[in-house]
Amino acid sequence: MNKLFSRRAWCALACLVVLAALLPACNLAFAPGHALHVPDYLVGLAGKFMCYAMAALALDLVWGYTGILSLGHGLFFALGGYAHGMYLMRAIGRDGVYQSALPDFMVFLDWKELPWYWAMTDSFWYCLALVVLVPGALAFVFGYFAFRSRIKGVYFSIITQALTYAFMLLFFRNDTGFGGNNGFTDFKRILGYSITAPATKAVLYLATLGCLVGALLLCRWIVASRLGRVLQAVRDSEARLMFIGYNPLWFKLFVWTLSAVLCAIAGALYVPQVGIINPSEMSPANSIEMVVWVAVGGRGTLLGAILGAFTVNGLKSWFTAAFPDLWLFALGLLFILVTLLMQKGLLGLRLPRRPRRAAQAPRQELEEVA
């Protein structure tokens, strides 16, 4: 477990991080038309893909290593985006269409004052705390009752999908104070800087890259530790884990809540780079697409989740431009091919084959944990 990534993998990761960090530098340092100039749209697209990769990484932690298949991680992604979006809407000030201290959508809907839950949202650090605390608290409460009731497998997946669908319907309502169908958009500033300025976009990009690398290192540390062995024991043989004296509830609750928080941070970084957040981000289809990213890249590998997010979304960008009517068919075909022919995903094509463990392997892992 301590050799989760080989030395070659670490070297490749370091090179990729350096190359990724050079993208905004090339965008700012070289004028358009120069051979080394990186277009603005490419920086934004790469930043968006990194947000998706971080969400896929969070999902891989609970699905690939703990065996908890969530079909509702799009909810946590969107809640993080909405929490940050509240600050961005307040940061517009009186520069909106209606030149009011209230966000434009509230003026349009004839709101007279901010709802109580919008209090202090003009503070960046307060909203940053909301990004972590709101999805984390929701995941903790939901997970506690679900795991305590020993809901697992397809039943848990269906409940998470129902949860995100319920929140999507709630946020579509105009009277909830979150912009209804249109959500939040038309952002102007972040921390006093123009959100459309190339330098601001570069900082947001680098912040996303740093968070993605940090999340990868954190997840790698968890799965390579004794805690990671317990989580994999939950996945492989939860009954045996309980037999030797462990209570899986708190381990599952910890990794579930952490995964939700990581996904929410990805959503918070996504919003200022894309420029909009609306209830469609909570669509169950978005959560299912996250599962496809992890499956295509390679479940239970961490790096596979990142690879899958970049691969699938890269194909999506190309297909929706070249063959917009065929993308969903291509996505379905890709998922079927991976499920039937490449059960270890794209990363599994490069991983060396390991001999299958004997039937008592899960028992040996549990003894090591004990």
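When reading the values below, keep in mind they use all heavy atoms of this one structure, side chains included, and skip hydrogens, waters and symmetry mates.
Shortest non-hydrogen contact noted between D60 and T301 is OD2-N, 3.4 Å. Summarising the geometry of N278 relative to N181, their closest heavy-atom pair is CB-O, 3.7 Å, with the distance given to 0.1 Å. Here the closest non-hydrogen pair linking A264 and V131 is CB-O, 3.4 Å. Of all heavy-atom pairs between V62 and S259, the closest is CG1-CB, 3.4 Å. Shortest non-hydrogen contact noted between A91 and R189 is O-NH2, 3.0 Å. Among all heavy-atom pairs drawn from F187 and I195, the shortest one is O-CG2, 3.5 Å.
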Show your working on side-chain contact (heavy atoms from CB on, under 4.5 Å) between K344 and R299 and close with a plain yes or no. CA-CA 7 Å; K344 292 184 179 181; R299 173 190 169 196; over 6 Å; no
Please test Q161 against S287 for side-chain hydrogen bond (donor to acceptor under 3.5 Å, both in side chains), starting from the C-alpha separation and ending with a verdict. CA-CA 8 Å; Q161 190 174 50; S287 298; over 6 Å; no
side-chain contact (heavy atoms from CB on, under 4.5 Å) between L216 and L13, intermediate numbers included: CA-CA 11 Å; L216 176 62; L13 278 173; 4.1 Å; yes
Decide yes or no on side-chain contact (heavy atoms from CB on, under 4.5 Å) for V255 and V234, but give the supporting numbers first. CA-CA 11 Å; V255 74; V234 171; over 6 Å; no
V338 vs L346, side-chain contact (heavy atoms from CB on, under 4.5 Å): CA-CA, chis, key distance, verdict: CA-CA 8 Å; V338 169; L346 295 175; 5.6 Å; no
Test ring-ring contact (aromatic ring centres under 6.0 Å, His included) on F184 and Y82 and set out the steps. CA-CA 8 Å; F184 300 157; Y82 266 99; 5.2 Å; yes
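The side-chain heavy atoms of I68 and K252, taken from C-beta on, include a pair separated by under 4.5 Å. The shortest distance between side-chain heavy atoms of P103 and L114 falls below 4.5 Å. Side chains of L75 and L138 form a contact here, defined as non-hydrogen atoms less than 4.5 Å apart. Looking at heavy atoms from C-beta onward, V223 lies out of side-chain contact with L231 at the 4.5 angstrom threshold. Side-chain contact between P279 and F178: absent, with no pair of heavy atoms (C-beta onward) separated by less than 4.5 Å. In this structure the side chain of M50 reaches within 4.5 angstrom of the side chain of F310, judged on heavy atoms. Counting heavy atoms from C-beta outward, R90 and C127 have side chains that stay 4.5 Å or more apart. Residues I151 and I159 meet the side-chain proximity criterion, which asks for heavy atoms closer than 4.5 Å.
With Q273 contributing its side chain and L269 its backbone, the two residues share a donor-acceptor pair below 3.5 Å. Checked by atom type and distance alone, the side chain of S237 never pairs as donor or acceptor with a backbone atom of A233 at under 3.5 Å. Without hydrogens or angle criteria, S317 side chain to N313 main chain gives a donor-acceptor distance under 3.5 Å.
Ring centers of W256 and F156: under 6.0 Å apart, within the cut-off. Taking the six-membered ring wherever Trp is involved, the centroid distance between the rings of F105 and W111 does not fall below 6.0 Å. Between Y270 and F77, the ring center distance clears the sub-6.0 Å criterion.
Note: S157 OG to W63 CH2 = 9.5 Å, rounded to the nearest 0.5 Å. Remark: L169 CG to T176 OG1 distance equals 11.5 Å, nearest 0.5 Å. A distance of 9.5 Å separates SG in C211 from CG in L262, rounded to the nearest 0.5 Å. Note: L249 CG to R150 CZ = 9.5 Å, rounded to the nearest 0.5 Å. Rounding to the nearest 0.5 Å places OG1 of T121 at 10.5 Å from CE of M89. Atoms CG and CE, on L163 and M282 in that order, are 10.0 Å from each other to the nearest 0.5 Å.
Around atom CZ of F30, more than 12 heavy atoms belonging to other residues, nucleotides or ligands sit under 6.0 Å away. Within 6.0 Å of OH in Y117 there are more than 12 heavy atoms belonging to other residues, nucleotides or ligands. Enclosure of atom CH2 in W125 is not indicated, since only 12 or fewer non-hydrogen atoms of other residues, nucleotides or ligands lie within 6.0 angstrom. The 12-atom threshold is exceeded at CZ of F319, counting heavy atoms of other residues, nucleotides or ligands nearer than 6.0 Å.
Summarising the hydrophobic clusters (Ile, Leu, Val, Met, Phe, Trp, Tyr; side-chain heavy atoms under 4.5 Å, direct or chained), the residues clustered with V134 are M120, Y126, L130.
If you chain together hydrophobic residues whose side chains sit under 4.5 Å apart, L191 and M86 fall into the same group. L133 and F124 fall into different hydrophobic clusters, where Ile, Leu, Val, Met, Phe, Trp and Tyr are joined by side-chain heavy atoms under 4.5 Å apart, directly or via other members. Note on L59 and W221: same hydrophobic cluster, where clusters join Ile, Leu, Val, Met, Phe, Trp and Tyr whose side-chain heavy atoms are under 4.5 Å apart, directly or indirectly. When hydrophobic clusters are built by joining Ile, Leu, Val, Met, Phe, Trp and Tyr residues whose side-chain heavy atoms come closer than 4.5 Å, directly or via intermediates, W318 is grouped together with W327. Hydrophobic clustering (side-chain heavy atoms under 4.5 Å, transitive across Ile, Leu, Val, Met, Phe, Trp, Tyr) groups Y205 together with L42.
Under the salt bridge (Lys or Arg N to Asp or Glu O under 4.0 Å) criterion, K48 pairs with no residue, sequence neighbours left out.
Relative orientation of the F167 and F171 rings is tilted, given thresholds of 30° and 60° on the angle between their planes.
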